[in-house]
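All remarks here apply to the structure that follows.
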Amino acid sequence: MSHVAYELGTQPACWERAAELAPERRAVLPRPGERTAIVGCGTSYYMAQAAAVLREEAGQGETDAFPASEFPHHRRYDRVIALTRSGTTTEVLDLLAGLRDAGVPTTAVIGDPSTPVITLADELVVLDFADEQSVVQTRFATTALTLLRAHVGLHTPSVVADARAALTAPLPAELETRGQFTFLGRGWSIGLANEAALKMREAALAWAESYPAMEYRHGPISVTAPGTATWSIGEAPEGLAEQVRGTGAQWVAGHLDPLAELVRVHRLAVAVAAHRGLDPDAPRNLTRSVILTTGEEAVR
């Protein structure tokens with residue numbers, strides 16, 4: 001079994017632990033009314049997108065999400081949350097250092113506490129039980145999102161039950177043979193759709209795209225055809241399933257909690273990798289953390 005296959009299977013238990021941890025770490029997470037930014041890179045950025053929408057939906061205050069490299073320093077925030085599994089990603093460390101110098105309170109949600117991030121963030125939430133060996137993130141990302149979801153009161157035991165169902169239910173027939181995948185979301189699940197497409201690209205080298213569901217009709221549906229699949233992460237707009245089926249594409253309806261639906265996509269990524277003879281633990285051109293040298297940062 002690959003590392004990623006094992007780790008994605010442990011997500012329900014990790015989510016339970018994160019939900020239990022959230023009340024204990026309440027003081028270092030955003031308070032109601034605080035203007036908050038959540039940052040990350042890659043998968044962590046997409047989790048930040050989802051968490052920002054959830055926090056606003058819960059009435060907790062204005063919340064933005066940014067890639068760490070694109071943080072708008074001219075904006076003022078009461079707190080910045082950094083999601084970083086490795087604690088070594090250059091863009092995150094540079095941002096935290098700058099925010100420290102500017103006096104902006106920061107909290108890092110991390111997987112590995114023995115990393116440089118601990119000297120730069122004001123506060124830490126350590127999810128070492130969800131850290132991973134795999135380059136491809138699954139359980140750390142979804143566990144960090146569960147922590148933030150529970151913090152705003154939007155996590156329930158039914159989410160974990162759905163995740164367990166996502167690990168055992170068969171995937172739709174012949175889905176792993178499709179040549180192109182499109183993932184659709186609405187609200188907070190747009191971030192999850194973005195992450196679903198990233199997982200397919202990382203683990204399976206698949207052509208994968210993601211869109212807000214209502215925007216899909218405004219152009220992207222033109223590349224939908226027989227041999228492709230369109231997957232709704234969460235409830236789809238009325239009539240969209242029929243429109244996709246009319247193109248000859250395979251339609252996959254999300255019937256579980258959107259975060260649990262992402263677990264199904266994790267399984268699909270591993271299945272597509274196997275179908276293509278790929279090792280999902282060794283994604284092409286990727287490393288577990290992006291650490292830039294001074295020269296590389298200058299080019300960037």
Side-chain angles (χ1 to χ4, degrees), residues 4 8 40-53 65-67 69-70 135-138 141-142 145 166 171-256 258-276 278 280 283-286:
V4 68
L8 73 85
C41 298
T43 290
S44 292
Y45 167 51
Y46 297 137
M47 296 298 102
Q49 288 182 326
V53 176
F66 302 102
S69 59
E70 300 299 326
V135 171
V136 175
Q137 278 200 60
T138 56
T142 59
L145 179 54
L171 292 172
E174 300 183 354
L175 191 59
E176 71 276 7
T177 67
R178 301 307 180 194
Q180 174 209 326
F181 302 88
T182 300
F183 298 94
L184 307 177
R186 303 186 80 177
W188 73 284
S189 69
I190 293 172
L192 301 185
N194 293 337
E195 167 58 12
L198 178 62
K199 277 297 151 287
M200 295 300 296
R201 292 191 290 266
E202 287 180 330
L205 303 184
W207 176 8
E209 302 177 338
S210 56
Y211 303 97
M214 291 298 289
E215 285 296 307
Y216 176 60
R217 294 182 172 102
H218 294 269
I221 196 171
S222 62
V223 298
T224 304
T228 72
T230 299
W231 189 321
S232 176
I233 308 294
E235 185 176 354
E238 184 176 354
L240 186 57
E242 291 76 16
Q243 192 171 359
V244 169
R245 292 190 185 104
T247 70
Q250 184 174 1
W251 170 259
V252 182
H255 60 275
L256 300 171
L259 193 56
E261 204 65 32
L262 182 60
V263 175
R264 295 179 72 204
V265 178
H266 291 164
R267 291 179 56 211
L268 173 64
V270 172
V272 173
H275 180 76
R276 298 182 177 188
L278 301 171
R284 188 171 64 189
N285 303 326
L286 294 180

Where Leu175 and Ala229 come nearest, the two heavy atoms and their spacing: CD1-CB, 3.6 Å
Minimum-distance pair of heavy atoms, taken over all atoms of Glu261 and Leu256: OE1-N, 3.1 Å
Ala193 to Gly185 - nearest heavy-atom pair and separation: CB-N, 3.8 Å
Heavy-atom side-chain contact between Val265 and Ile233 under 4.5 Å: yes
Trp251 backbone acceptor or donor facing Arg245 side chain under 3.5 Å: no
Point-to-point distance, once rounded to the nearest 0.5 Å, from CZ of Arg267 to CG of Leu8: 8.5 Å
Val270 side chain reached by His266 side chain, heavy atoms, under 4.5 Å: no
For Arg186, the option from Pro237, Pro212, Pro258 that meets side chain to side chain contact (heavy atoms under 4.5 Å, CB included): Pro237
With Lys199, the side-chain hydrogen bond (donor to acceptor under 3.5 Å, both in side chains) member among Thr43, Asn194, Thr138: Thr43
Heavy-atom pair with the smallest gap, counting every atom of Val272 and Ala204: CG1-CB, 3.5 Å
Polar contact flag, side-chain donor to acceptor under 3.5 angstrom, Tyr216-Thr224: yes
Donor-acceptor contact below 3.5 Å, side chain Arg201 vs main chain Ala208: yes
Nearest-0.5 Å distance, CG of residue Leu145 to OH of residue Tyr46: 15.0 Å
Spacing of Phe183 atom CZ and Tyr211 atom OH [to the nearest 0.5 Å]: 12.0 Å
Side-chain heavy-atom pair Thr230, Leu184 within 4.5 angstrom cut-off: yes
Distance in Å, Trp207 CH2 paired with Thr182 OG1, rounded so as to fall on 0.5 Å steps: 8.0 Å
Steps toward side chain to side chain contact (heavy atoms under 4.5 Å, CB included) verdict (Met47, Leu262): CA-CA 11 Å; Met47 296 298 102; Leu262 182 60; 4.2 Å; yes
N/O donor-acceptor pair under 3.5 Å between Gln250 side chain and Ala173 backbone: yes
Inter-residue atom distance Met200.CE - Trp231.CH2, 0.5 Å rounding: 8.5 Å
From SG (Cys41) to CD (Glu70), nearest 0.5 Å: 10.0 Å
Non-hydrogen atoms of Leu205 and Arg276 that approach each other most closely: O-NH1, 3.3 Å
Minimum heavy-atom distance Gly239-Arg217, with the two atoms named: C-NH2, 3.8 Å
Within 6.0 Å of CD in Glu235, more than 12 heavy atoms from elsewhere: no
Check: Ile221 and Gln243 side chains under 4.5 Å, non-hydrogen atoms: yes
Pair Thr228-Val223, side chain to side chain contact (heavy atoms under 4.5 Å, CB included): steps then yes or no: CA-CA 9 Å; Thr228 72; Val223 298; over 6 Å; no
